[in-house]
Amino acid sequence: MTNQHPRPPNFSICVYCGSRAGAEPAFGQVAAQVGRWIGERGGQLVYGGGRSGLMGQVADAALAAGGRVIGVIPQALVEREHAHRGCTELLVVQTMHERKRLMAEHADAFLALPGGIGTFEEFFEAWTWRQLGYHEKPVGLLNQAGYYDAMIEFLRHSVDAGFMEEAQLRMVTTHNHPHRLLEALVHAAGFPTPMRLDEI
Ligand code: AMP
């Protein structure tokens, strides 16, 4: 399904985040900030195509700010995750593997926001593929309100315990501020710092 959109995107960010809203309003607020940042700069959001939780909030904010939004959702989840019919493009695929492949292909960078096991799985896959050399796209982790503190601590423990190299850990850009992190990712993906379209 395609809804018309006037211009090609300036950059494209794949966002992984919760299909639930989380216990704090701050999680939804940061998802909306991320979507708005992308939309206001003429960017494209690629995400899992759902309307629930943080996924819906990031997409709605990007669309409201004039961004292009590609949602990629397996047929089996169209009802369960409430497929977002307002996406600029909603790609309904057959398998989870196809979903992840298309999301990755359409993105210049990956960004994980707070979420659950689906988010973790997608984030770790983007990271492991990067360290294996399957892609060279930057991978970011938004540590909103300390949500990922314990995970980051565990990852450091993994380095100390000799199961991971410091260099692997450094492949992930971690920040607690959405705008700083988005700027870093877009920059690392080889784009100039994007301006808000209404300021150009
Ligand atoms: P969650 O973080 O668990 O709320 O899930 C966020 C999104 O990740 C949802 O759209 C899930 O369908 C998706 N998801 C769950 N498991 C996987 C998986 N194995 N691969 C890719 N996406 C997944």
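Start at 1 and go down the list; that is how both ligands and their atoms are numbered.
- Protein heavy atom closest to atom 22 (N) of ligand 1, with residue, atom name and distance, is Glu122 OE2, 3.0 Å.
- Of the protein's heavy atoms, Glu121 OE1, 3.3 Å lies nearest to atom 18 (C) of ligand 1.
- Protein heavy atom at the shortest distance from atom 13 (C) of ligand 1 is Arg99 NH1, 3.3 Å.
- Contact annotation: for Leu77 versus ligand 1, heavy atoms closer than 4.0 Å belong to the side chain alone.
- A salt bridge does not link Arg51 with Glu79: every distance from a Lys NZ or Arg NE/NH1/NH2 to an Asp or Glu carboxylate oxygen is 4.0 Å or more.
- If you check which protein heavy atom lies closest to atom 2 (O) of ligand 1, you get Thr119 OG1, 2.6 Å.
- Between the CD atom of Gln168 and the CD atom of Gln131 there is a distance of 4.5 Å, given to the nearest 0.5 Å.
- In the hydrophobic clustering of ILVMFWY residues, with side-chain heavy atoms under 4.5 Å counting as a link, Trp129 and Met103 come out apart.
- Of the protein's heavy atoms, Cys17 O, 3.2 Å lies nearest to atom 6 (C) of ligand 1.
- Interface of Gly18 with ligand 1, defined as ligand atoms under 4.0 Å from a residue heavy atom, comprises 2 (O), 4 (O).
- In the candidate list Met96, Glu81, Arg80, Glu81 is nearest to atom 10 (O) of ligand 1, counting heavy atoms.
- Given atom 21 (C) of ligand 1, the protein heavy atom at minimum distance is Lys100 CD, 3.3 Å.
- Near Ser19, the atoms of ligand 1 lying under 4.0 angstrom from a non-hydrogen atom of the residue are 1 (P), 4 (O), 5 (O), 6 (C).
- Of all atoms in ligand 1, numbered sequentially from 1 with element shown, those under 4.0 Å from a heavy atom of Met55 are 7 (C), 9 (C), 10 (O).
- Salt bridge present: Glu183 and Arg180 bring a charged side-chain N and a carboxylate O closer than 4.0 Å.
- When ring centroids are compared, Phe27 and Tyr147 come within the 6.0 Å threshold.
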Kindly determine whether Lys137 and Leu185 satisfy side chain to side chain contact (heavy atoms under 4.5 Å, CB included), including the steps that lead there.
CA-CA 9 Å; Lys137 301 173 184 181; Leu185 293 176; over 6 Å; no

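- Atom CD1 in Ile152 sits 5.5 Å away from atom CG in Leu141 (nearest 0.5 Å).
- Of all the atoms in ligand 1, the ones that sit under 4.0 Å from a non-hydrogen atom of Gly116 are 1 (P), 2 (O), 3 (O).
- Of all protein heavy atoms, the one lying nearest to atom 3 (O) of ligand 1 is Gly118 N, 2.9 Å.
- Using cut-offs of 30° and 60° on the angle between ring planes, the pair His179 and Trp37 is tilted.
- Within the structure, ligand 1 lacks Gly50 among the residues with a heavy atom less than 4.0 angstrom away.
- Considering only heavy atoms from C-beta on, Val139 comes within 4.5 Å of Phe123 through its side chain.
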